[in-house]
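The figures that follow rest on heavy atoms only: side chains count, while hydrogens, waters and symmetry mates do not. It should be emphasised that the depicted structure is a prediction, and the values quoted were computed from it without experimental measurement. Positions are given from 1, in the same order as the sequence printed here.
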Amino acid sequence: MVNPKDWQQEQERLDVVTEGLRSKIAELEPEVSGLFNQVTDFRKRFWEEVTVNTTTHEDFADTFYSIKQQEVLLSERERTHRQRMQRWKSMNRLLPSPYFGRIDFREDGLSLDEQIYIGVSSFVDVDDMSFLVYDWRTPIASMYYDYSPGSADYETPDGQITGEMTLKRQYQIRDGKLRNVFDTSLTIGDELLQQVLGAGGDAQMKSIVATIQKEQNAIIRNDKRRMLIVQGAAGSGKTSAALQRVAYLLYKHRKTLKADQIVLFSPNPMFNSYVSTVLPELGEENMQQTTFQEYLAYWLGSTLGLEDPFEQIEYVLNSKLSQEDAARQSGIEYKASEAFLQALQHYALWLGKEGMLFHSIRFRDRELITSEQMKSRFYSYDSSIGVANRVELLREWLLRELTSLERMEQEALWVQDELDYLDNEQYAEAYSTLLKKDQQEEEVFDFAGQEEELLRRMIVREQFKPLRRHAMRFMFVDTIGLYDQLFSEEASYRQMTNETEIPNQWPEICKQTKEKLSRLELFYEDATPFLYLKELIEGTRKNTEVRHLFVDEGQDYSPFQYAFLKQLFPRASMTVLGDFSQAIFPQATNLHNVDSPLIRLYGKEETSLIRLDRSYRSTRDIVDFTKSLLHDGEGIVPFDRSGRKPLLVKSGSSDKRAVRMIDDLAELKTEGFDTIAIITKTEAESRDAYEALMKQGCEDLRLITKETLTFVKGTVVIPAYLAKGVEFDAVLIYDASTLAYNRESERKLFYTACTRAMHRLVLYSIGEWSPYLQALDTTLYEAVQ
């Protein structure tokens with residue numbers, strides 16, 4: 001705490017800033033309201049100010065320029081209103097707590113210290129001459145996060161500024177009043193961080209700008225490399241830092257970067273709701289958010305049934321390790337690999353020589369253009385032309401052929417039958433068309449003689465529309481057959497793909513894949529390769545608008561998927577956030593080793609790797625417990641926040657467990673915990689737990705499934721894989737017995753479930769404890785019967 005004199009001076013300055021904010025808000029309010037009314041009124045009267053006349057070319061030009069002038073005026077007023085509104089909102093955000101930090105900095109060569117107060121946005125004095133508050137994203141504010149008092153520097157567009165930091169101070173301000181003031185050193189002071197971390201969880205993630213740590217700041221401000229990989233322990237603030245990074249990028253590049261040019265791939269739809277308020281808190285629009293599954297479904301879901309990643313992990317968790325299950329898991333790993341990616345690239349080259357498959361184009365139960373005709377035409381093109389370009393040439397040929405066939409079809413007998421059943425609207429349309437043509441003709445137009453010809457043309461054109469659409473959308477390419485063709489006997493596969501390393505269970509992998517395809521369905525592990533092959537053949541879709549791509553829970557994406565994302569967003573930088581210790585999906589990617597495929601994706605020169613080893617989410621007692629569950633968890637460093645040790649509760653039956661859990665839930669709620677999760681291993685266990693607890697009279701319980709779109713406060717029952725990325729005040733592990741968790745492959749799932757807890761962790765079992773728990777030092781937990 002500071003001395004009373006400093007406290008008084010700080011409160012007096014705070015009063016000045018607060019009064020300045022109120023004054024500016026009051027000044028802007030009528031402007032904001034007036035401009036809004038002007039814009040609304042202008043929109044209503046837009047066409048009243050425009051004279052529309054298109055009689056002559058000159059009149060048309062006058063009308064065009066009149067509309068453009070009105071459009072420019074409206075755009076200008078909307079822009080002015082938007083700017084005023086942003087300033088007004090910014091000041092209203094600052095008013096309750098104008099700033100959270102201060103540094104005093106003396107630049108080399110100068111004799112006076114500059115006092116730099118830091119908040120969530122900037123505020124200048126009434127004369128707009130000097131900053132009363134600096135936005136946390138400004139270059140000078142970076143010193144607050146990176147340095148202790150002493151030598152310090154920061155980067156500007158004009159170069160590096162060096163000097164000495166003579167003071168570093170933190171504030172807690174509520175409703176314009178000082179609550180706490182701390183002088184601190186290198187890290188953001190433990191006092192403030194303890195209070196923030198000790199608070200209860202919420203239904204939505206909050207901004208962390210007041211407590212950003214040095215290592216998190218390195219993530220936020222790193223924009224010099226194409227790839228930024230963040231390997232962080234559970235609760236290390238990876239996602240929070242990433243969202244502040246989005247806000248920083250939008251601020252730094254505000255003239256060239258918009259929120260819709262940033263895409264976040266989330267682990268599940270519920271997570272989108274959980275993080276949706278962070279950027280608006282900082283005065284920025286939310287970026288685009290989606291899941292990888294939603295992207296796959298957009299391009300493939302209309303023709304194929306897609307398994308999602310949660311169905312895949314349910315299969316893996318419930319597998320009995322039979323020969324079929326072992327083959328499926330081997331197939332998952334292989335189809336996620338760089339080797340399979342290269343195999344598909346070689347397959348596309350092979351298809352350039354032989355093996356292409358096409359669907360014939362049929363019309364009224366007959367083949368207009370056969371698949372063999374297409375194949376012959378395809379291979380008649382110069383072999384040096386790539387497959388996708390030859391398919392494009394084939395499409396152009398098909399469209400020309402359809403035009404020719406359409407003309408010939410007009411004389412078919414079925415057309416006469418259709419003529420006899422035309423309704424009045426179709427006759428009226430034909431008459432209108434002919435009348436316009438008659439007016440344009442200088443000679444006498446043969447109206448009667450042309451009517452039937454026009455009607456025949458209209459009938460056939462309408463019938464041929466689906467065929468043209470079929471050709472335009474490359475539906476003549478048998479993509480399913482081409483993917484199915486891959487899964488042939490081993491010798492053929494090697495020939496088509498130049499692949500040398502094939503899984504031992506290849507025959508069973510082929511059988512499973514073909515059976516799934518025969519039902520027009522795809523395993524999750526097949527969806528990305530299928531779409532990739534489709535684009536190798538039809539041409540690659542590229543999104544050149546997106547400039548920054550964020551991938552959360554990045555360890556759960558495959559090398560194949562990362563290569564696909566790079567191809568899809570060729571102009572985007574990529575930020576990947578994850579924890580290999582939470583790699584619960586079978587296609588996991590190693591994030592931090594030197595041989596990681598992520599580092600190879602853009603090359604070492606274009607890749608930055610940052611590790612976050614300190615865990616802030618959980619108490620020291622919980623972190624010491626959870627890191628001991630891992631074979632390599634010794635590097636995880638807990639933040640020094642004390643609490644109760646995890647509790648292991650053994651019950652004699654499922655009914656007794658449910659009764660005990662209800663009592664524990666009531667006690668946790670009495671302690672003031674608002675977000676409590678009962679975490680299970682699988683969806684089926686979640687439903688069992690929910691029903692068992694409801695049967696015993698548990699109230700206000702919510703079952704979370706993969707269809708759940710919003711995260712709310714309260715008590716939830718949730719599978720471990722859906723809880724990734726989310727935190728709770730208290731976590732109750734429904735079944736921590738050896739019956740539920742005994743495979744080494746499930747250790748990381750168990751670790752992930754336990755690390756969701758901020759303040760309390762309770763584990764239950766009816767039988768013997770999981771081997772992960774039996775191996776722990778008994779001093780790390782409390783045990784009760």
J.: Would you please indicate yes or no on a ring centroid separation below 6.0 angstrom for Phe550 and Phe265?
T.: no
J.: Under the criterion side chain to side chain contact (heavy atoms under 4.5 Å, CB included), I'd like the reasoning laid out for Asp579 against Tyr751: C-alpha separation, chi angles, the key distance, then a yes or no.
T.: CA-CA 11 Å; Asp579 177 14; Tyr751 168 79; 4.1 Å; yes
J.: Taking atom OG1 of Thr779 and atom NZ of Lys645, what is their separation to the nearest 0.5 Å?
T.: 5.5 Å
J.: Can you see whether Phe182 has Arg169 sitting over its ring - NZ or CZ less than 6.0 Å from the centre and within 45° of the normal?
T.: no
J.: Does the structure place the NZ or CZ of Lys335 under 6.0 Å from the centre of the six-membered ring of Tyr524, at an angle of no more than 45° from the ring's axis?
T.: no
J.: Do Tyr741 and Arg747 meet the criterion of a side-chain donor-acceptor pair at a distance under 3.5 Å?
T.: no
J.: Is the NZ or CZ atom of Lys168 positioned over Tyr144's six-membered ring, under 6.0 angstrom from the centre and within 45° of the axis?
T.: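 Geometry flag: set, cation within 6.0 Å and 45°.
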J.: Should the ring pair Tyr145 and Phe100 be called parallel, tilted or perpendicular, given that the plane angle runs from 0 to 90° and is split at 30 and 60?
T.: tilted
J.: Just checking, Arg760 and Phe673: is the charged tip under 6.0 Å from the six-membered ring centre and within 45° of the axis?
T.: no
J.: Any side-chain donor-acceptor pair under 3.5 Å between Arg245 and Thr575?
T.: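 Per modelled atom types, Arg245 and Thr575 side chains form a pair under 3.5 Å.
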J.: Just to verify, which of Arg617, Arg641, Glu727, Glu671 counts as forming a side-chain hydrogen bond (donor to acceptor under 3.5 Å, both in side chains) with His759?
T.: Arg641
J.: Students often mix this up, so state it plainly: with edges at 30° and 60°, are the rings of Tyr781 and Phe625 parallel, tilted or perpendicular?
T.: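 It falls in the perpendicular class, over 60°.
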J.: Would you name the heavy atoms of Ala247 and Trp136 that are closest together and state the gap between them?
T.: CB-CZ2, 4.1 Å
